[in-house]
Amino acid sequence: MEETLYGVVTKVTYYSEETHFGVVRIKLDYKDLEIAKYKAKLFSNLLTVTCNFDRRPVIDEEYDFTGNFVTNQYGTQFKAKSFFRKNENTLEGVIAYLSSDLFPGIGKVAASRVFETFGKDCLVLIERNPEVLEDVVGLNQKQKETLKTNIVGLEHNKRLLVNILDLGITMKTALKLIKVFGDNADEIIKENPYKLIDFVEGFGFKRADRIALALGVQKDSEIRIFALTAYILKESCFSSGNVYLEYDELFQKICNEINVDEEIFFLPDFEKVLKKLIVDKKIILDEEKNIYLYQLYLSENILAQKVREFLNRENNNGYNINDINKIIKKVSEKDEIDYTEKQRSAIISALQEPLLIITGGPGTGKSTIIKAIINCTLELSPSELIAEKLALLAPTGRAAKRLNEICSFPAQTIHRFLGYEGQGIFKLGPEAKTDAKIVIIDEFSMVDVRLAARLFSSLEPDVKVIIVGDVDQLPSVEPGEVLADLIASKEIKTVRLDRIHRQSSESTIISLAHSVNQGIIEENLLQKQNDRNFIRVQDNSIVAGILKTVEQAMASGMDLIKDIQILVPLYKGEIGINAINEKMQETFNPGDGNEIKHLNRIFRVNDKVIQLVNRSEKKVMNGDIGHIISLNMEDGEYHGITVMFDFGPVDYDREELEDLIHAYAISIHKSQGSEYDLVIMPFSYKYYIMLRRKLVYTGITRAKKFLIMLGNLEAFTRGISGLEIKRKTRLAEKIKDNFNFSLDYEDVKNDFMENLSPYDFLD
């Protein structure tokens, strides 16, 4: 239950101009009976309060705060959700305000003269007509200009904030909205509350709809139905991975949402909505009545057209087969590797074809082939600066790092290669091409249709592209099934590696992965192997089994941060990611009382954490895993943390902690592109909705040395028999039909480059 208290500010411990988050000390008046009741709890009349403010608080200002008490290593504090300044119309309040750092050059004497001239409404009067300050005796011109400018700006912001708060929006969100919409934020929101969905990350339809209905928007109004249609289409595509929805399917989804209490939405209404959304370039209705988000339609078409450009061009790389065979022999002898016929075929094709796909499961030598292709390319062009024109790419930082270690050649993420600047903005694209001549992309099963289109649109027509990936792994989290579609088109030369090599054939993990991929349960599944084990336990013993396994692994010398990873399909529930992370932290990093709380999470030094969103300004990307190396303090209060990633340390302010969650356990989707010495995978029917073959297969293939599976054998069996539903895409058909897409660059600039808020619904 929320509580309300008031006090006078005695100290501003911390305040961020960027986030408006502040930490203040207030003095309580125990003579007031409403405040006196807290005396026994607090022991002192001084209390630390955290809150989002409209501006920097001022010493001697009096505030009402509404929120809850929290307890941490510094004792009891008050976490406020809202505030009200009480004494800003009194002489003391005005003097404290105008003589603060917010008004440089204004002292208490000048502030007193302002109040004496205009009285308790002085701030309102000055905001309405700043020229009245000319009537104040004793102020110089510089002081008058300072007061005019700052009072108008600060008072406007305060009124704007109050107007937005009156809509039932939280302080934190209100401050974000002002940053997005500017000085007219309240008017823009009232005119169309559904704009919040597109412009504010994390604002869904239901949240915006509550505000709209409270403002008097009718349930069958056009703006409501337009917003709902676009939202359902976006959410459905980003949660399912589909690139489009069928006409009848989208209509039914809207009816299910809007016709709950009464029938107010019918087919003619739907057709009217679609026409308007098409005109506004929000959606596309294709010839088969499939409905796309406009950006996804552009991406699929651009990618199909770029693939055809590569396939249709005249291939003239200057390498003859005799030279290639000599170089392969030289590289083979140097690296002491005897390539199989399929591996040789893959290397030759990579050097000859304009576009090639190499696919195969674990242990089939994909990384070996990449290294060979690079070395052969460098040998074939020794006098040219070919190394500077060869781009080795992967979807994630961890995958790029592993590629770099295996191939002894610089690798980078696709985002970094394209010059990602945040907010959906890339330096390279249709108008600004890369100068690369050979592009090799590993772990391509993770690449979604938008990123693939962005990458291909940045390449010149004469670039050689080599795509490498395991088509049997999970597809991308975001819409599309690009690797599978490229192969399914049967237009691109594809080499399938299916032989497990000597060093890999000794791994029972790899043989298990291949069996799972074929839907086969190995006879020795329950027999303990040298590198894997399946431990049958009940659901209520799964967490205890995980903790025991981790304890034994650490006792054998494994590192909790670098070597051990728990992979779980779902976040919620008693054996979900969140619950397991809580138990892991409690057991292996209980802390010494020094911690920082944010939302429902507690962060401590040595906690393992994972980044949830791309932050190009910090050079940290979604899926990067690190550990906390310090809690950062200012004026006796923690205001942030520092996390050590593979590439170096990154600082986070308190408000940026929403970017992080604990990573002792992570989702299998988040683990793609990474390998761990020990993988622990629980199995339960409580994960039923996610028990699918590709999920199980992908999780198993993350284990490099050891795999511990524990839980319900029947759930494991259900998992490998459950096949994923093919995503709704048309990329393969468009490539096959030699699709011709006429595109105005203005469309690309305004829509293809536009940022779509990333929805990670699968996690």
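In what follows, every heavy atom counts, from backbone to side chain, and hydrogens, waters and symmetry copies are set aside. This chain uses plain numbering: 1 for the first residue, then up along the sequence. Since the model is a prediction, treat every value here as computed from it, not as a measurement.
Between Glu481 and Lys728, none of the side-chain N atoms (NZ, or NE/NH1/NH2) sits under 4.0 Å from a carboxylate O, so this pair counts as no salt bridge. Of the charged side-chain nitrogens involved, none lies within less than 4.0 Å of a carboxylate oxygen, so that Glu421 and Arg416 do not count as a salt-bridged pair. Under 4.0 Å is where a charged nitrogen must lie from a carboxylate oxygen, and between Lys618 and Asp659 no such pair does. Salt bridge Glu733/Lys736: absent, no basic N to carboxylate O contact under 4.0 Å. We find that Glu478 and Arg450 are joined by a salt bridge, their nearest charged nitrogen and carboxylate oxygen being less than 4.0 Å apart. Salt-bridge check for Glu353 with Lys464: failed, with every basic side-chain N at 4.0 Å or more from each acidic carboxylate O. Under a 4.0 Å N-O distance rule, the pair Glu309/Arg313 does not qualify as a salt bridge. Salt bridge absent: Asp442 and Lys366 never bring a charged side-chain N and a carboxylate O closer than 4.0 Å. Taking 4.0 Å as the cut-off between side-chain N and carboxylate O, Arg398 and Glu443 do not count as a salt-bridged pair. A salt bridge links Asp485 to Lys726: at least one charged side-chain nitrogen sits closer than 4.0 Å to a carboxylate oxygen. Under 4.0 Å is where a charged nitrogen must lie from a carboxylate oxygen, and between Glu491 and Arg308 at least one such pair does.
When side chains are defined from C-beta on, Leu512 counts as touching Ile700, because their heavy atoms get closer than 4.5 Å. Counting heavy atoms from C-beta outward, Ile466 and Ile441 have side chains that stay 4.5 Å or more apart. When side chains are defined from C-beta on, Met709 does not count as touching Asn533, because their heavy atoms never get closer than 4.5 Å.
Under a 3.5 Å cut-off, the side chain of Gln412 and the backbone N or O of Gly397 do not form any donor-acceptor pair. A donor-acceptor contact shorter than 3.5 Å links the side chain of Gln611 to the backbone of Val613. Not one N or O on the side chain of Ser367 forms a donor-acceptor pair closer than 3.5 Å with the backbone of Lys371.
Across all non-hydrogen atoms, the minimal contact from Leu695 to Glu724 is N-OE2, 3.6 Å. Summarising the geometry of Ala372 relative to Ile347, their closest heavy-atom pair is CB-CD1, 3.6 Å, with the distance given to 0.1 Å.
Ring geometry, Phe683 versus Phe716: the interplanar angle exceeds 60°, so the pair is classed perpendicular (tilted spans 30 to 60°). Using a 30° and 60° split on the angle between ring planes, Tyr244 and Tyr292 fall in the tilted class, from 30° to 60°.
Here His415 and Phe426 bring their ring centres to under 6.0 angstrom of each other.
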